[in-house]
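All remarks here apply to the structure that follows.
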Amino acid sequence: MILPVHALVRTRLQHALTHTFGIPEAEQPDIAIETPPRRALGDLAVPVAFELARRLRRAPRAIAQELAAALGEVPGVARIEPAANGYVNFYLDRRSFVLARLRGTVPALPLTDTGKVIVEHTAINPNKAAHIGHLRNSALGDALVRLLRFQGRPVEVQNYIDDTGVQVADVVIGFSELEGRDFEGVKALADDPAVRFDYYCWDLYAKVTEWYEGDKARLQVRAQAMHAIEEGGNPLAEMGAFVADRIVRCHLRTMARMNVDYDLLTWEGDILRLHFWTRAFEELKALGAVFLQTEGRLAGCWVMKIEDDTAATDAPAETAAADAPASPRQELDEEPREDQREKVIVRSNGTVTYVGKDIANQFWKFGLLGKDFFYRVFDERGGRPLWATTSDAPSGGPLAPSFGHASAVYNVIDSRQAYLQELLKQSLSTMGFPREAERSTHFSYEMVALSHATARELGYADTEGLGKPFVEVSGRKGRGVKADDLLDRLIATATGEVMQRQPELPAAEARVIAEAIAVAAVRYFLVKFSRGKVIAFDIQEALSFEGDTGPYLQYAVVRANNIFNKLRERDGVDADTITAELDTLSPDALTEGDDADELWGLVLEASRLDEVVDSAIRALEIAHLAKFAFTLAQSFNTFYHRQPIMREERADVRLWRAAAVAYCKRQLTQALALMGCEVPGRM
RNA sequence: GCGUCCGUAGCUCAGUUGGAUAGAGCGUUGGCCUCCGAAGCCAAAGGUCGCAGGUUCGAAUCCUGCCGGGCGCACCA
C-alpha cells in the first residue's frame with residue numbers, strides 16, 4: 001500500500017510550496033508522484049519543479065534543490081535528493097516500510113466518496129447461450145465491482161434482463177412457428193437432461209433469422225409476437241417468460257463458473273408492468289423533452305431530439321497556432337441544419353423502444369423515479385439469496401434489502417451502444433438532474449471478434465469478412481465461441497497439463513485445479529487488453545498458459561507458497577513468525593548491495609497495488625491491474641531464481657527474503673482475486 | 001457524409017492524466033533442471049512510434065491537417 005506515502009509526500013510538498021515559495025495552494029500545479037525508471041534514482045519521483053520553472057523564472061534544478069531542502073524530515077522517508085535535471089527524488093526508509101506492510105499497520109486513506117455505486121454488467125439477451133463477447137463484458141464489469149469494493153465503496157451489482165425485447169420474441173417464434181411447440185413442448189425440451197437448452201436456443205435463433213430472410217413478410221409475425229409478449233397474459237408471453245427464465249439460469253451457471261456474481265436481476269418486463277416507463281414518460285412529455293411527431297417518416301412516434309453538443313461550435317482558437325489564418329468556416333456553416341436527428345422512444349404501434357425502458361431504469365437506479373420494484377428470491381448460492389425484481393407484492397419470505405438509490409452508476413456495455421448511453425445522460429440532465437447525469441458512466445469497451453484462424457477452425461471462414469482484419473461474432477447468425485465450450489476446452493487442456501506434472505493426483509483434484517487455471521486463463525485474457533481495443537479472439541492464443549497469461553501469475557504464487565510450505569516443514573516457521581522476528585534482525589539484507597536493492601524493489605513494486613487500483617478505476621482500465629500483476633510476477637520469478645531462500649545460510653538474509661516473498665505473494669494473490677482468479681494449492 | 005475508436009518490433013499489445021536510455025509476450029536463435037517446481041530463468045536479433053506541420057525546456061503522449069482501418073448514425077438492443 002503506497003498511497004498513504006504519496007499522500008504524506010504530497011501534503012509536505014504543498015506545504016513547502018506555500019511557505020517557502022509563497023504559492024497559495026489553489027494556484028499550485030497538481031503534484032504528480034511517479035516511479036523512477038531506475039532504482040538508483042530513488043523510490044518516488046516528483047517532477048513538479050518543471051511545472052514551476054516558467055512561473056518562477058528559475059531553472060528546474062535550482063527549484064528542486066530548494067524544494068528538497070525546504071521539505072526537511074518526512075516520516076518514512078530516509079532521504080530526499082534533487083536530481084541534476086530537476087526531479088525531486090525520494091528514498092524511503094526500507095525497514096519501517098516493509099514492517100508496516102507485513103503487519104498491516106498502514107492506516108488506510110479515508111474515502112472521499114462513500115455513496116453507493118451501482119454497476120450493471122452482463123445483460124445478455126436471455127434467448128441463447130453466452131458467448132465470448134459476453135464474457136468480456138462480465139470479466140470487465142465484475143473486476144470493476146471488485147476494485148470498487150477493494151477501495152471500500154458499497155457496490156450493488158445488477159444484471160439487466162431484457163425479457164421483452166425482439167430477441168426473446170424470435171426464439172418464441174422459432175418454437176411456435178418453426179417447430180410447432182406449445183408451452184408444454186418447450187418445457188419438456190428444457191427439462192430434458194440430454195438437451196443443453198441454451199445451446200438449443202442458440203441454433204434455433206439462427207434458424208429464425210434465416211426464416212425471416214426467406215420472406216420479409218414474416219417480420220409481421222415478429223411484430224405481433226413482440227406486442228403479445230409486452231402485453232402479457234397470453235400463451236406467447238408465457239412461453240417467452242419461460243424461455244427467459246430458463247436461459248437466465250443457464251447464464252448464471254456459466255457466470256458462476258467464471259466467479260461472476262450479482263446482487264439483483266432487473267427484469268425489463270417489471271419496468272413495463274409496474275409502469276416505470278409511464279411515469280418517466282409523463283415527466284419527459286411535461287418538460288417537452290419527448291414529443292409526438294406528426295409529420296415525416298416518424299409520424300405517429302414519440303421522439304426525443306438528439307442534442308448535437310459534440311458539434312464543433314466552439315473552435316479551439318487558443319490552442320491553434322498563433323499565426324494560423326482565421327478560419328472562414330464559421331460563416332460558411334451558418335445554414336440551419338435540416339438533419340436534426342430524432343430518436344424514437346415510443347413506436348407508432350404504441351410499444352416502447354429499448355431507450356425508453358432504459359431511461360426509466362436509469363432514473364430508478366438513482367432513486368429519482370418515485371417508484372420501486374417488488375422483489376423475489378430468484379435463486380440461492382451458498383445460502384445467500386440472489387434477488388430479482390418482480391411485479392407482484394411478495395407474500396411473506398425474507399425481506400429484500402434496499403436496492404437502487406445510487407450516487408453513481410456504471411453501465412458496462414460495448415462501444416456500439418455509446419450513442420444510446422449518451423441519450424441516457426442527456427435525458428437525466430434535461431429532467432433537471434445534471435449531477436446524476438455527470439455520475440452516469442458508460443463503461444465502454446470494444447467488441448470481441450474472431451481471428452481468421454479461429455473462424456476457420458470453427459467452420460465460419462467462408463461466410464464473410466475475408467477482407468477484414470477479423471470475423472465478427474454474431475448471435476443472430478449463430479456465429480461465435482460459446483462461453484461454456486471455451487471453458488470446457490480450457491479445462492481439458494489444463495487437466496492434461498496438471499496430470500503431467502502431478503501424476504499421483506486423483507482425477508477429481510486435478511479437475512478442480514484445472515478449473516481454477518481455466519478461469520484465470522480466460523479472465524486474464526479478457527482484461528489484459530485495454531478496453532478500446534478490438535479483441536480478435538484466437539483460441540490457440542487463449543489456450544496458452546505461458547508468458548503473459550493468467551496461469552503464469554498463478555504459477556508465481558504457487559511457487560511462493562511452496563517456499564513457505566518447505567519453511568514450515570523444515571524450520572517450523574510461517575509468515576507471521578518470520579514477521580515477528582524481523583525486529584531483531586539487522587536490516588543490511590534490505591539496504592546494502594545489489595541483492596538488497598532487488599529485494600527492496602520487489603517489496604516496493606508489490607506495494608503499488610492500491611495505486612494501481614486507483615488508476616484502473618479512474619481510467620476504467622482493468623488492463624492496468626493486469627499489467628501490474630504480470631510485471632510483479634515477472635519480478636518475483638527473477639528474484640526467485642537469483643535469491644534462494646531455503647539454501648541461504650545467513651539467517652537474517654533468509655528471513656528478509658522470506659518476508660519480501662510473503663508480502664509479494666499476498667499482493668499478487670489479491671491482484672488475482674480482483675480479476676476474479678483464484679490460486680490453486682499446486683498446479 | 002457526420003460522430004467515435006484504433007494505428008508503436010515479423011505477430012499481439014504496454015507505455016503510469018507531457019518527463020529520465022521507447023518496453024513486454026509470442027515467434028526466431030543460443031544457453032540454464034544432481035540447485036525453494038522448466039507453466040520458469042538468462043542472452044541475442046528485431047523500431048522513420050501511420051505521414052506532415054505545430055505547441056513546449058521536453059512529444060509515442062497535446063493541437064491541426066492528411067492516410068489506412070474498426071464501429072455507430074433503425075419504429076433492433
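Proteins get letters first, then strands, A, B, ... in listed order; numbering begins at 1 in each.
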Between C36(B) and U29(B) - C1' atom distance, rounded Å: 30 Å
Sticking with atom P, work out how far C11(B) lies from C49(B), rounded to a whole angstrom. 16 Å
Would you kindly give the CZ-to-C1' distance between Arg531(A) and G70(B), to the nearest whole Å? 17 Å
Please state the P separation for the pair C63(B) and C5(B) - nearest whole angstrom. 10 Å
Counting the atoms with a prime plus P, OP1 and OP2 as sugar-phosphate, which does Met447(A) contact under 4.0 Å by heavy atoms, base, sugar-phosphate, or nothing? sugar-phosphate
Whole-Å distance separating the CE atom of Met226(A) from the C1' atom of A74(B): 13 Å
Taking CD1 from Ile622(A) and P from A14(B), how many angstroms apart are they, rounded to a whole number? 14 Å
d(CG, Leu420(A); C1', C71(B)) in whole Å: 14 Å
What's the CZ-C1' distance between Arg54(A) and U56(B), to the nearest Å? 7 Å
Indicate, with a heavy-atom threshold strictly under 4.0 Å, whether Glu472(A) touches base, sugar-phosphate, or nothing. sugar-phosphate
Is the shortest heavy-atom distance from the side chain of Phe537(A) to the side chain of Arg136(A) under 4.5 Å? no
Expressed as a whole number of angstroms, how long is the span from Ile535(A):CD1 to C11(B):C1'? 16 Å
Could you measure between the two P atoms, the one in U55(B) and the one in C13(B), and give it in whole Å? 34 Å
Look at atom CZ of Arg61(A) and say whether more than 12 heavy atoms of other residues, nucleotides or ligands are closer to it than 6.0 Å. no
Would you state whether a donor and an acceptor, one from the side chain of Ser348(A) and one from the base of C75(B), lie under 3.5 Å apart? yes
Can you measure Gln502(A) atom CD to A38(B) atom P for me and round it to whole angstrom units? 13 Å
Could you measure between the two C1' atoms, the one in G54(B) and the one in U16(B), and give it in whole Å? 26 Å
I'd like to know if Asn637(A) reaches the base of G40(B) with its side chain such that a donor and an acceptor end up less than 3.5 angstrom apart. no
Whole-angstrom distance between U8(B) and U12(B), as gauged at atom C1': 12 Å
Test for a donor-acceptor pair under 3.5 Å between the base of U17(B) and the side chain of Arg618(A), counting only N and O atoms. no
How far does the C1' atom of G37(B) sit from the matching atom of A60(B), given to the nearest Å? 40 Å
Is any side-chain heavy atom of Arg39(A) closer than 4.5 Å to one of Leu604(A)? yes
Does Asn89(A) reach a base, just sugar-phosphate, or nothing at all? Heavy atoms under 4.0 Å. base
Report yes if some heavy atom in the side chain of Val248(A) is under 4.5 Å from a heavy atom in the side chain of Trp267(A); otherwise report no. yes
Classify the nucleic acid contact of Phe529(A) as base, sugar-phosphate or nothing, counting any heavy atom under 4.0 Å across all strands shown. sugar-phosphate
